[in-house]
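Order of the sequence lines fixes the chain letters, A, B, ..., with proteins taken first and strands second; residue numbering starts at 1 for each chain. Everything quoted here is computed from the prediction, not taken from an experiment.
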There are 2 protein chains.
Amino acid sequence: MGAGMTTIKDVAKAAGTSFKTVSRVINNDDNVTPETRKKVQDAIKALGYRPNTGARMIRSKKSGVIGLIADQAGMSVHSVNLIRGAQEEAWAQGKFLMVINIDDNHQNMDAAIDKLLERRVEGIIYAAMYHHAVNPSDELRAVPLVLANCYDERGELPCVVPDEYAAACDVTRHLINTGHRRIAYLNLNPRIIAGRERSRGFLDTIHQHPAVDGWTEKAISGEIGQEVSRVDEVMSNLLNSDRRPDAILCGKDEIAMSVYFSLVEHSLQPGHDMAVASFDNLEIIAESLKPGLSTMALPHYEMGQWAIRHLLSENLEISHERLSCDFIRRASA
Amino acid sequence: MGAGMTTIKDVAKAAGTSFKTVSRVINNDDNVTPETRKKVQDAIKALGYRPNTGARMIRSKKSGVIGLIADQAGMSVHSVNLIRGAQEEAWAQGKFLMVINIDDNHQNMDAAIDKLLERRVEGIIYAAMYHHAVNPSDELRAVPLVLANCYDERGELPCVVPDEYAAACDVTRHLINTGHRRIAYLNLNPRIIAGRERSRGFLDTIHQHPAVDGWTEKAISGEIGQEVSRVDEVMSNLLNSDRRPDAILCGKDEIAMSVYFSLVEHSLQPGHDMAVASFDNLEIIAESLKPGLSTMALPHYEMGQWAIRHLLSENLEISHERLSCDFIRRASA
DNA sequence: TCGAGAAATGACAATGTTGACATGGGTGCG
DNA sequence: CGCACCCATGTCAACATTGTCATTTCTCGA
């Protein structure tokens, strides 16, 4: 390697052709005799030749690489699937995904963008850990840019986000359709979009069903990043009141887990004595709980996939795509 | 972009120097007058020039890229930190990490290796999701290779793994030192290394303390990938027997979560009426449980870091590194 | 058998950069 | 004053490949 890496010319010599013919073979050009092709392929295999991507890049002006900038805990449990979706879709389209993680304070952001642009990425996906508004630096716009799990305030960039509102409507409807008439929603911090949209969808759906009583409870207090759970307190109030609900919808799976504990402490069996449903489908929680937690899966994988597709479709329309969420029904509701 | 990407020559023209001088500036070569340097840097900024990595690669024969192959759920919640550790260390050393995920049946493995080698990666890290033996294909050995969270059966490759045995000794010792005398260990599937090593460390430590009674319970049944939890049954037996333990050590955090539920069902308070400790430190579980779960954190981040360092140190010794685990003490033990 | 047209192959320039080496102008020292 | 030397800068080849266009070889119909 290094010094003695075999080149297209070595292969040509071994195969007894011009190096241009070798180039044709590795690029699947039609105009090559089957015998010539065979000879060349044999030589390639014998010498262990691999095309040099760097040289290819210069001539063809295509890097075959797409950059993905994952903000903060982009590698968190919440959004690994976004990266996976992007990676698999890119791979399927013959592209390579380069992932860069940005730390909390975004101090390596500019350096990251520089590195990606130096490598002549054909597009960039900016993926956020949780659904929120962002304001991407102008540097980023040097190549096609798609936002995933976030959107820009000015509405100038294509983006793909989960349809939180519809998800909340769906899960609420499910609780109603399975016979529940008193539903408490344990909301997230309303400062985050998911908090606002989920409670809006919940309440709108409740209001469409006059026979159903539904209300929201503040289950999280404190600032983002400094949040404190109020679930135990809320649950204890709910269970001891004369307005005891028959179903509890949780803003996220961690809340559902606390709810399970509260129920068990009160000798109630989740899913039997009280329906529990939730959002996020963190499998490690949803599948470990007994009974399994029925929860709305966020379309992380699909967002990654969509972002790549949009980028490669060269569709320059600025679309603001909302992807629907899947309800994963287990036994809790 | 594409057609009109500015090159080193454009910069040279704008700065009124030869393009070689521009090359010197972007490579931080000493022999450039401050004024010349300034002129060039201004031109670079004005034109938005970025060096073309492809061209650099050809001449310098260095790609600046390290490949990381993450097996299966390498992107799982368990080992994202390994990737993060590798990424940050690579970044700190001026290298770029390219991550490829291999699917369950490894069918895209060869293609993945090809892609990495075509890009002339300077080394490859093979990272496994869970600690086990692997048998890397010879293709991989074309460049320096380091195994992370796994080891090769033949012992021919450098690797870095968690010191499961020492971790088990440490946590057991902690339980003993905090006054517990009857300790049950709820073991993992003994087919996996963590299962064997953790129970070995537990039992060895117990045997060093004649005053302490300790034993293992089979908490998981079934094959890898098809595992069934026996925790409820085991716990119910333990809590109803006259040999009730005063501390429970769990093979992993998911087991600890089930243990919490069993305790609460029996009106016992985890951490108060019964100590609970565990392995893995899945924060989403360990921090959501009340009280917080005391658990041994696996050195995923450090393994990623070590792998990069070893690769870049050009230390060709085949070391088999065991990294120690950190005990994260919360309130459960 | 010949010629036309298509198919296969080759020669050579071009890509954007760095390495090796050359040049020119200033500085220090005898 | 002249010579040697160093530093700044420049010239040109080399890198591994693809694009363009030219050349050779083959095929088929008259």
Side-chain angles (χ1 to χ4, degrees), chain A residues 1-41 43-44 47-65 94 114-115 117-121, chain B residues 1-41 43-44 47-65 94 114-115 117-121:
Chain A
M1 131 197 43
M5 206 85 208
T6 76
T7 78
I8 209 176
K9 299 195 180 181
D10 300 325
V11 175
K13 203 169 290 175
T17 69
S18 78
F19 67 93
K20 179 68 220 195
T21 300
V22 178
S23 169
R24 289 201 175 88
V25 171
I26 61 183
N27 288 292
N28 282 315
D29 192 306
D30 284 337
N31 293 339
V32 182
T33 318
E35 305 111 59
T36 313
R37 187 180 300 275
K38 174 94 171 56
K39 270 193 300 184
V40 171
Q41 280 165 339
I44 287 176
L47 296 178
Y49 165 78
R50 291 173 208 282
N52 182 317
T53 314
R56 286 185 136 177
M57 247 173 85
I58 295 186
R59 285 297 297 172
S60 62
K61 297 196 175 293
K62 288 189 178 157
S63 63
V65 177
D114 268 0
K115 287 288 176 209
L117 293 178
E118 280 182 15
R119 289 184 184 274
R120 299 295 188 268
V121 291
Chain B
M1 133 196 35
M5 205 85 208
T6 73
T7 79
I8 208 174
K9 298 192 180 181
D10 300 325
V11 176
K13 202 169 291 173
T17 68
S18 77
F19 69 93
K20 179 69 220 193
T21 300
V22 178
S23 170
R24 289 199 175 90
V25 171
I26 62 184
N27 288 292
N28 281 316
D29 192 306
D30 285 338
N31 292 338
V32 182
T33 319
E35 307 113 57
T36 314
R37 185 180 301 275
K38 175 88 169 55
K39 269 193 301 183
V40 171
Q41 281 165 337
I44 287 176
L47 297 178
Y49 165 78
R50 292 174 208 280
N52 182 318
T53 313
R56 287 182 137 176
M57 248 173 86
I58 296 186
R59 285 297 296 170
S60 62
K61 297 193 176 294
K62 286 188 179 160
S63 64
V65 178
D114 267 2
K115 287 288 176 207
L117 293 178
E118 280 182 13
R119 288 185 184 273
R120 299 294 189 269
V121 290

**OP:** Look at the side chain of B/K20 and the base of C/dG19, then say whether one donor and one acceptor between them are separated by less than 3.5 Å.
**Re:** yes

Original post:
How many Å lie between NZ on A/K39 and P on C/dA8, as a whole number?
Top reply: 14 Å

Original post:
Does OP1 or OP2 of D/dA8 have a side-chain N or O of B/N31 closer than 4.0 Å?
Top reply: yes

Original post:
Taking A/D10 for the side chain and A/T7 for the main chain, is one N or O donor matched with an acceptor at less than 3.5 Å?
Top reply: yes

Subject >> Nearest-nucleotide 5' precedence on DNA chain D, B/T17 against A/I26 >> reply: B/T17

Original post:
Does a nitrogen or oxygen in the side chain of B/S18 sit under 4.0 Å from OP1 or OP2 of D/dG10?
Top reply: yes

Original post:
Are OP1 or OP2 of C/dT9 and a side-chain N or O of A/T36 less than 4.0 angstrom apart?
Top reply: yes

Subject >> Inter-residue atom distance B/K39.NZ - B/I44.CD1, 0.5 Å rounding >> reply: 13.0 Å

Original post:
Under 4.0 Å between a side-chain N/O of B/S23 and OP1 or OP2 of C/dT18, yes or no?
Top reply: yes

Original post:
Within this structure, what is the NZ-to-C1' distance between B/K61 and D/dA16, rounded to whole angstrom?
Top reply: 8 Å

Subject >> Distance in Å, B/K61 NZ paired with B/R120 CZ, rounded so as to fall on 0.5 Å steps >> reply: 8.5 Å

Original post:
Taking OP1 and OP2 of C/dT18, is either one under 4.0 Å from a side-chain nitrogen or oxygen of B/N27?
Top reply: yes

Original post:
Do the side chain of B/R59 and the base of C/dT18 come within less than 3.5 angstrom through a donor-acceptor pair of N or O atoms?
Top reply: yes

Subject >> Below 4.0 Å: OP1/OP2 of D/dG10 and any side-chain N or O of B/T21 >> reply: yes

Original post:
Hey, does the side chain of B/T33 come within less than 4.0 Å of D/dT9's phosphate (OP1/OP2), counting only N and O?
Top reply: yes

**OP:** Tell me whether the OP1 or OP2 atom of C/dT17 has a side-chain N or O from B/R56 closer than 4.0 Å.
**Re:** no

Subject >> For atom CD1 of B/I58 and atom P of C/dT18, their distance in whole Å >> reply: 11 Å

Original post:
Starting at CZ of B/F19 and ending at P of C/dG19, how long is that distance when rounded to a whole Å?
Top reply: 13 Å

Original post:
So do the side chains of A/R56 and A/P51 get within less than 4.5 Å of each other, counting heavy atoms only?
Top reply: yes

Original post:
Starting at CD1 of A/I8 and ending at C1' of D/dC15, how long is that distance when rounded to a whole Å?
Top reply: 13 Å

Original post:
Has the side chain of B/R24 got a donor or acceptor that lies under 3.5 Å from a partner of the other kind on the base of D/dG10?
Top reply: yes

Original post:
Taking CG from B/D29 and C1' from D/dA8, how many angstroms apart are they, rounded to a whole number?
Top reply: 10 Å

